[in-house]
Amino acid sequence: MLNKDQIAQRIAKEVKNGQYINLGIGIPTLVANYIPDELEVVLQSENGLLGIGPFPTEENVDADLINAGKQTITMVKGSSLFSSAESFGMIRGGHVHLTILGAMEVSENGDIANWKIPGKMVKGMGGAMDLVASAKNIIVAMQHCSRDGKSKLLKECSLPITGIKCVNKIVSDLAVLEVLPEGGFKLLERAPGVSVEEIKKKTEGRLVIEGEIPEMSFGS
Amino acid sequence: MINKTVKDADEAIRDITSNSVLMLGGFGLSGIPENCITALLKKDISELTCISNNAGVDDFGIGLMLKKRMVKKMISSYVGENAEFERQLLSGELEVELIPQGTLAERVRAGGAGIPAFFTPAGVGTEVADGKEIREFDGKLYLMERCLKADFSIIKAWKGDTAGNLIFKGTARNFNPMMAAAGKITIAEVEELVPAGELDPNTIHTPGIYVQRIFQGKDYEKRIEQKTVRK
């Protein structure tokens with residue numbers, strides 16, 4: 001089973017040179033720590049920045065420079081700043097190549113639920129609905145099951161939907177899976193020490209298994 | 001040049017009354033109009049509709065207005081980090097319209113730019129689409145969203161001049177420029193107010209035409225919600 005950092009590390013292998021990328025809050029934010037130095041990529045923060053840098057040192061903390069998770073950040077060389085309208089214009093306009101975000105549930109046709117638990121959690125969707133409705137390539141970082149062991153990779157989402165037919169790939173603590181255009185989760189890789197049987201048991205939606213399923217590797 | 005200067009926050013917000021529709025700039029606690037919020041808290045007004053991406057935190061920003069029960073309705077995209085807000089929402093005391101952040105930004109932009117409605121893919125297939133017109137363009141579904149306008153837009157900039165021209169700093173720009181244009185009366189508080197002519201016209205982010213009142217702000221706390229430093 002992968003921990004949060006290992007999920008982030010595996011997702012980082014999906015990043016390609018020259019991409020503009022939006023990282024969601026939580027595990028997706030950790031992906032930045034594992035993107036190889038030789039790749040030139042630009043991280044977008046939807047409040048209005050292209051070119052997120054590392055967290056600041058204590059002396060460089062600036063209240064006027066935060067990411068979408070409201071954390072203090074720095075800017076890399078070549079950054080640009082703009083309004084939130086411009087920012088979502090570039091998201092809806094399809095200019096951002098890769099979106100990585102967390103999910104509470106994903107369905108076998110690629111629907112995602114990650115913004116609301118009725119009666120319990122009502123924090124709002126923030127930019128998630130705009131991102132999933134527009135992004136060309138969406139990778140989801142998530143736990144395969146809830147704490148009480150229920151699958152979160154479902155036939156249909158039970159929680160309120162954030163977007164429909166939008167998820168391309170999932171990296172969970174157990175596996176890497178592709179959402180097929182015709183529906184279904186195609187198993188691509190297993191987490192170290194996790195069997196295909198276990199993944200079968202913990203995936204409620206249609207699971208497609210073809211041939212031998214390799215174990216994930218973390219080397220580059 | 002037309003002089004938009006007023007003395008302070010109290011004078012700037014003097015005619016805001018109960019039942020007004022307000023837009024308040026800022027994302028999280030970054031770029032919020034601190035001085036005007038402090039001045040509003042001193043007024044005996046209520047039943048406000050507030051359009052703002054977030055609702056502050058329990059003891060800062062719009063959170064203080066919620067605590068004082070001045071707000072009837074919030075239109076926002078994300079309201080986590082505020083326990084009092086969540087309590088008022090779940091108990092039904094506060095009316096809340098949660099809308100996608102990009103849709104909020106564009107509805108405000110449209111309001112200031114004379115566009116009554118537009119189509120966006122955000123929210124298709126979700127409860128956000130309930131009761132809205134859906135249309136297909138080039139094989140993809142979109143839903144219609146209406147523009148937003150306000151009686152008063154209350155915004156914060158880094159530098160401004162007496163003609164109302166504004167420059168923002170860092171990610172404190174966020175919703176402030178669109179809100180400037182969408183208010184019948186727009187009030188801008190700035191960290192540094194200079195005479196018209198001292199700011200380079202090439203660097204202006206928001207032209208003064210959108211700003212009716214501007215004043216030199218003071219005592220900025222600029223609170224940080226999530227201070228994160230390098231290990």
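Because only heavy atoms are used, hydrogens play no part in the values below, and waters and symmetry mates are left out as well, while side chains stay in. Per chain, numbering begins at 1; letters A, B, ... match sequence-line order.
Of the charged side-chain nitrogens involved, none lies within less than 4.0 Å of a carboxylate oxygen, so that B/Lys169 and B/Glu191 do not count as a salt-bridged pair. Electrostatic pairing of B/Lys222 and B/Glu34 does not count as a salt bridge here, judged by no charged N lying under 4.0 Å from a carboxylate O. Of the charged side-chain nitrogens involved, at least one lies within less than 4.0 Å of a carboxylate oxygen, so that B/Lys132 and B/Glu145 count as a salt-bridged pair.
Residue-level contacts of residues 22-31 of chain A with chain B do not occur; threshold 4.5 Å between heavy atoms. By a heavy-atom distance cut of under 4.5 Å, not one residue of residues 135-147 of chain A is near chain B. By a heavy-atom distance cut of under 4.5 Å, A/Thr74, A/Leu81, A/Phe82, A/Ser83, A/Ser84, A/Ala85, A/Phe88, A/Arg92 are the residues of residues 73-94 of chain A near chain B, going up by number. Applying a 4.5 Å heavy-atom cutoff, the residues of residues 162-171 of chain A that approach chain B are A/Thr162, A/Gly163, A/Ile164.
Comparing B/His205, B/Arg223, B/Lys227 by how many heavy-atom pairs each has under 4.5 Å with chain A, the most go to B/Lys227. Put simply, of B/Asn176, B/Leu141, B/Thr103, B/Asn53, the one with the most heavy-atom pairs under 4.5 Å next to chain A is B/Thr103. The greatest number of non-hydrogen atom pairs below 4.5 Å with chain A, out of B/Gly28, B/Ser30, B/Ala172, is found for B/Ser30. In terms of non-hydrogen atom pairs under 4.5 Å with chain A, the most contact-rich of B/Pro121, B/Gly31, B/Gly102 is B/Gly102. Here B/Ser77 is the residue among B/Ala105, B/Ser77, B/Gly125 with the most heavy-atom pairs under 4.5 Å with chain A. Taking A/Ala113, A/Pro56, A/Gly127 one by one and counting their heavy-atom pairs under 4.5 Å with chain B, the maximum is reached by A/Pro56. Between chain B and the options A/Leu65, A/Ile66, A/Asn67, heavy-atom pairs under 4.5 Å are most frequent for A/Ile66. Chain B forms the most heavy-atom pairs under 4.5 Å with one residue out of A/Val61, A/Ile161, A/Asn47, and that residue is A/Asn47.
Heavy atoms closer than 4.5 Å to chain A are found nowhere in B/Asn82, neither backbone nor side chain. Looking at B/Ile99, the atoms closer than 4.5 Å to chain A (heavy atoms on both sides) all sit in the backbone: N, CA, C or O. Both the backbone and the side chain of B/Arg230 come within contact range of chain A, judged by heavy atoms closer than 4.5 Å. At a 4.5 Å heavy-atom cutoff, B/Val108 makes no contact with chain A through either its backbone or its side chain. With a threshold of 4.5 angstrom between heavy atoms, B/Glu97 does not approach chain A through any atom at all. Heavy-atom distances place no part of A/Asp111 under 4.5 Å from chain B, backbone and side chain included.
Other residues, nucleotides and ligands contribute more than 12 heavy atoms inside 6.0 Å of the NZ atom of B/Lys140. Around NZ of A/Lys4, the count of heavy atoms belonging to other residues, nucleotides or ligands within 6.0 Å does not exceed 12. By the 6.0 Å contact criterion, CE on A/Met1 is open, its count of non-hydrogen atoms from other residues, nucleotides or ligands being 12 or less. Applying the 6.0 Å contact sphere to OH of A/Tyr34 captures more than 12 heavy atoms from other residues, nucleotides or ligands. The number of heavy-atom neighbours closer than 6.0 Å to CZ of B/Arg146, taken from other residues, nucleotides and ligands shown, is 12 or below. With a 6.0 Å radius and a threshold of 12 heavy atoms from other residues, nucleotides or ligands, A/Asp37 has its CG atom at or below the threshold. Counting non-hydrogen atoms of other residues, nucleotides and ligands closer than 6.0 Å to CD of A/Glu40 gives a total of 12 or fewer.
In this structure, A/Ser107 OG and A/Asn109 CG are separated by 3.5 Å, a value rounded to the nearest 0.5 Å. In this structure, B/Phe175 CZ and B/Leu24 CG are separated by 12.5 Å, a value rounded to the nearest 0.5 Å. To the nearest 0.5 angstrom, B/Leu98 atom CG is 10.5 Å from B/Leu104 atom CG. To the nearest 0.5 Å, atom CG of residue A/Leu207 and atom CD of residue A/Glu204 are 12.0 Å apart. Atom NE2 of A/His97 sits about 7.0 Å away from atom CD of A/Gln19, to the nearest 0.5 Å. Between the CG atom of A/Leu159 and the CD1 atom of A/Ile112 there is a distance of 11.5 Å, given to the nearest 0.5 Å.
Distance alone, capped at 3.5 Å, places no donor-acceptor pair between the A/Ser134 side chain and the A/Leu131 backbone. A side-chain donor-acceptor contact under 3.5 Å links B/Ser76 to the backbone of B/Ser52.
Using the six-membered ring where Trp is involved, B/Tyr142 and B/Phe137 have ring planes that are perpendicular, over 60° apart on the 30 and 60° scheme.
Contact check for B/Met179 versus B/Thr186: no side-chain heavy atoms found under the 4.5 Å cut-off. Residues B/Ile62 and B/Phe85 form no side-chain contact, since every pair of their non-hydrogen atoms from C-beta on lies 4.5 Å or further apart. Side-chain contact check for A/Trp115 versus A/Lys123: every heavy-atom pair is 4.5 Å or farther apart.
Cation-pi geometry between A/Lys70 and B/Phe27 is met: under 6.0 angstrom from the ring centre, within 45 degrees of the axis.
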